[in-house]
Amino acid sequence: MVPIKAEIRAAITQALHRAGLASRVSLGLAEEVEIPDFIVSSPREEKFGDFAANIAMQLAKPARRPPREVAAVILEHFDYGACPWVERIEVAGPGFLNFYLRPQWLQEALRQVIEQGERFGRSLVGAGRKVNVEFVSANPTGLLHMGNARGAALGDSIAALLDFCGFDVTREFYINDTGLQIERFAASLEALYLQEFGEDVPVPEDGYHGADLAATVKRFIAETGDTYRHTPPEERREALARFAVAEKIAAIRDSLERFGVRYDVWFSEQELHRSGAVERVIRELKARGETFEREGALWFKAEKYGVEKDEVLVRSTGAATYFAADVAYHANKFDRGFAWLINVWGADHHGHVPRVKAALRALGYDADRLDVIIMQLVRLFRGGEIVRMSKRTGEFVTLDELLEEVGRDAARYFFVLRSADSHLDFDLDLARAQSMENPVYYVQYAHARIASLFRQLSLKGKALPEIGAVDLSVLTSEEEERLLRKLADFPDEVVDAALDLAPHRLTGYIYELAGLFHAFYNVHRVIGSEPGLEEARLLLVQAVGIVLRQGLRLLGISAPERM
RNA sequence: GCGCCCGUAGCUCAACGGAUAGAGCAACAGACUACGGAUCUGUAGGUUGGGGGUUCGAAUCCCUCCGGGCGCACCA
């Protein structure tokens with residue numbers, strides 16, 4: 001009964017199919033007309049029933065009949081046996097089919113929350129398909145900034161949601177540990193290294209000037225002495241880069257762990273070059289006639305695939321580009337057997353998407369199985385002023401600083417509060433405020449209140465009632481019914497949020513659930529209400545706690561017992 | 001100039017192409033001698049940037065104009 005929407009959907013489809021011939025004839029539908037996509041949704045207005053379907057309007061055109069007539073035909077063939085909870089169906093408005101369920105369906109929903117506990121809302125829609133979620137993938141040359149942090153919160157929640165929906169999820173971090181940026185990084189390290197030995201070597205203009213690098217170099221020297229002072233520069237730079245990148249990766253990993261994010265795979269770009277994977281991809285593109293040479297460089301014919309500009313694969317220096325490596329990387333993910341690739345990238349990378357997809361197509365991969373979430377930038381506010389995030393000015397807010405200032409829960413909540421494609425204004429004062437304006441506390445407070453209620457209960461020497469022994473039909477007030485509906489919605493909400501790759505929908509859901517709970521709690525007494533009612537309400541509250549905990553967990557936010 | 005994202009209440013944002021566009025904050029007016037007032041109830045606030053189009057139905061899709069962000073490297 002949990003997927004009640006799916007059940008109704010299936011019954012409608014069945015009405016159109018099984019009684020197919022009859023209904024098709026009476027609808028005047030040609031055999032080849034497909035049943036259009038239609039939606040079963042919870043109507044905004046309660047008077048429109050528990051669920052509504054728009055199928056009749058969708059079919060009106062092909063059937064060349066008014067929607068309400070189509071609806072009547074569907075009704076005629078509807079098998080109530082397939083949907084035991086459906087009490088009656090009405091045709092309403094322009095042609096909606098409004099489904100009214102027996103009141104007991106809400107009690108059944110509550111029963112399932114209690115019985116399934118932490119498993120409630122889990123589903124098998126993913127059918128164990130392998131999904132790769134790649135996110136953050138920050139350059140290992142510095143610390144994580146707000147863009148990385150948003151990507152971390154989004155990526156991790158998407159991964160958690162997909163896992164909850166039965167996908168086989170791999171969280172992956174792509175380490176850009178080679179290329180021009182790393183060379184610049186290495187050159188900067190080398191300058192600092194030689195400076196330590198009294199040589200007057202300036203850090204290159206286009207290099208890295210962070211104060212953290214000097215400390216890294218000191219640690220390097222503490223470990224290796226002056227071993228690299230007189231070695232060939234390439235060898236020196238390589239050793240320095242390897243040492244520093246390892247340090248940065250460790251720091252990034254620590255920060256992300258504090259943020260509640262853990263990866264399954266740390267994938268090295270350098271390894272991709274070393275193993276010959278990049279070279280293979282370039283060779284394959286060449287063999288397929290997808291490349292050409294110009295000015296000493298090897299180009300991919302991206303324009304052929306509708307991309308605005310062709311793209312360099314191999315520089316005139318002979319070095320493969322980041323683009324070439326990225327194509328090889330995504331090919332590698334497909335080759336590892338992932339059925340679905342999801343990347344979370346910053347808005348400044350959006351131009352890269354069509355090029356990578358084009359190259360994957362050229363290689364014969366199904367690029368539609370790659371979804372790239374482009375997230376817009378984060379603006380930090382403090383005291384009503386924008387906090388500039390520039391490496392140059394040094395006013396650079398890192399993930400660590402953010403965690404220090406507002407804590408993990410608020411940070412994670414705020415980053416998934418809005419859809420990825422809207423700019424995010426992050427108000428540090430608000431996130432830090434332990435007050436009613438702060439939505440994180442609003443939700444957590446609901447959970448803490450519930451925990452407190454059960455503490456009170458046990459102080460009175462009472463135990464939670466058994467679900468089987470309680471008559472749930474006494475939960476009839478408006479507040480109780482709304483809560484029950486919301487709980488019943490959870491499985492659908494989770495699936496929608498997962499498949500849409502939109503964790504902010506879950507954020508909205510738990511906020512609304514918390515709100516309905518607070519409203520209920522203000523009006524109705526739980527402990528000490530009349531016998532029978534008390535037990536039923538205790539179970540209702542317990543169920544709210546279960547769902548809140550799950551929702552918060554999926555977002556990487558704690559569900560405190562006390563605040 | 002070209003491409004992508006965005007433009008919704010004073011502010012920050014929701015809304016699978018669905019029925020009367022919703023929340024929070026801010027404003028105003030209220031509520032428990034009891035389970036945590038970090039709560040709740042109510043009022044007010046809108047020509048969904050402008051204009052066309054598609055559709056039974058548009059904030060949502062298409063065109064165009066205006067405004068903002070981000071890209072348009074032999075960087076990543």
Side-chain angles (χ1 to χ4, degrees), chain A residues 37-41 43-45 47-48 52 54 56-58 60-61 66-68 92-96 98 137-139 141 176 179-182 184 206 269 294-299 307-309 311-317 319-323 325-326 346-354 374-377 379 381 417-425 427 430 433-442 444-446 448-457 459-460 496 499-500 504-505 507-508 511-512 514-515 517-529 537 541 562-563:
Chain A
D37 259 350
F38 66 99
I39 303 286
V40 176
S41 59
R44 197 172 11 245
E45 299 280 326
K47 67 181 176 193
F48 293 139
N54 63 350
M57 279 104 80
Q58 306 284 8
K61 185 130 191 190
R68 294 187 65 109
F96 285 102
N98 289 344
S137 297
N139 274 338
T141 54
N176 304 127
L180 213 61
Q181 291 305 326
I182 293 293
R184 286 179 182 158
D206 60 358
E269 180 187 355
R294 187 206 294 162
E295 292 160 18
L298 184 73
W299 297 68
V307 178
E308 44 186 327
K309 278 179 185 152
E311 195 72 16
V312 173
L313 288 163
V314 182
R315 291 192 274 262
S316 53
T317 61
T321 57
Y322 170 83
F323 171 71
D326 213 21
D348 52 343
H349 284 63
H350 75 259
H352 193 55
V353 179
I374 295 299
M375 50 169 190
Q376 299 300 313
L377 302 182
R379 289 194 305 181
F381 283 79
L417 190 52
R418 310 301 183 203
S419 81
D421 53 16
S422 87
H423 291 248
L424 182 69
D425 285 345
D427 185 337
L430 177 59
Q434 303 202 3
S435 71
M436 55 198 265
E437 301 110 70
N438 192 333
V440 191
Y441 289 98
Y442 184 82
Q444 291 185 319
Y445 180 53
R449 268 183 140 179
I450 291 169
S452 170
L453 179 78
F454 289 127
R455 282 194 296 273
Q456 294 294 323
L457 188 71
L459 280 179
K460 291 185 193 301
D496 288 348
L499 296 182
D500 281 2
H504 76 277
R505 295 177 60 153
T507 317
Y511 186 82
E512 285 164 19
F517 170 75
H518 287 311
F520 157 81
Y521 204 65
N522 258 278
V523 181
H524 301 289
R525 181 85 198 163
V526 178
I527 297 175
S529 55
R537 283 181 176 164
V541 169
R562 288 191 166 83
M563 293 173 68

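Just so we're on the same page: letters track the sequence lines, and every chain starts at 1. Hydrogens, waters and symmetry mates play no part in the numbers below; they use all other heavy atoms, side chains included. Just so we're clear, the structure is a prediction, and the values are computed from it rather than from any experiment.
Among the nucleotides rG24(B), rA14(B), rU39(B), the one closest to any side-chain atom of H504(A) is rA14(B). Picking from rC40(B), rA19(B), rC72(B) the nucleotide with the shortest atom distance to the side chain of E308(A) gives rC72(B). Candidate nucleotides rU39(B), rG3(B), rC35(B) were compared by shortest atom distance to the side chain of N522(A), and rU39(B) ranks first. Of the candidate nucleotides rC4(B), rA19(B), rC74(B), rC74(B) has the atom nearest to the side chain of R315(A). Of the candidates rC70(B), rA38(B), rC74(B), the closest approach to any side-chain atom of M563(A) belongs to rA38(B). Distance from the side chain of H518(A) is smallest for rC40(B) among the nucleotides rG3(B), rA76(B), rC40(B). With rC13(B), rA76(B), rA38(B) as the candidates, the nucleotide lying closest to the side chain of Y445(A) is rA38(B). The side chain of R418(A) lies closest to rA14(B), out of rA76(B), rA14(B), rG36(B).
Between K460(A) and rC35(B) there is no side-chain polar atom (N or O) within less than 4.0 angstrom of OP1 or OP2. Under 4.0 angstrom from either OP1 or OP2 of rG36(B) there lies no side-chain N or O belonging to R449(A). Within the structure, every side-chain polar atom (N or O) of R44(A) is placed at least 4.0 Å from both OP1 and OP2 of rC16(B).
Under the side-chain contact (heavy atoms from CB on, under 4.5 Å) criterion, H423(A) pairs with Q376(A), not counting sequence neighbours. Residues forming a side-chain contact (heavy atoms from CB on, under 4.5 Å) with D500(A) (at least two apart in sequence, or on another chain): A502(A), R505(A).
With both ends at atom P, the span from rA15(B) to rA59(B) equals 15 Å, rounded to whole Å.
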**Message:** How would you summarise protein contacts on nucleotides 6-11 of chain B per nucleotide, using B for base, S for sugar-phosphate only and - for none, with heavy-atom distances below 4.0 Å?
**Reply:** S-----

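When heavy atoms are screened at a 4.0 angstrom cut-off, E295(A) is found touching base atoms of the nucleic acid.
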Dump every N/O contact between nucleotides 54-61 of chain B and the protein below 3.5 Å, one line per pair.
none

What are the atom names and distances for every N/O pair under 3.5 Å that joins the protein to nucleotides 27-29 of chain B?
none

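Between the side chain of S316(A) and the base of rC74(B), a donor-acceptor pair under 3.5 Å is found.
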**Prompt:** In dot-bracket form, how is RNA chain B paired, counting a Watson-Crick or G-U wobble pair only if both its distances are under 3.5 Å and using | for bases paired to another strand?
**Reply:** (((((((..((((....[...)))).(((((.......))))).....(((((..]....))))))))))))....

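With rounding to whole Å, D206(A) atom CG is found 13 Å from rA76(B) atom P.
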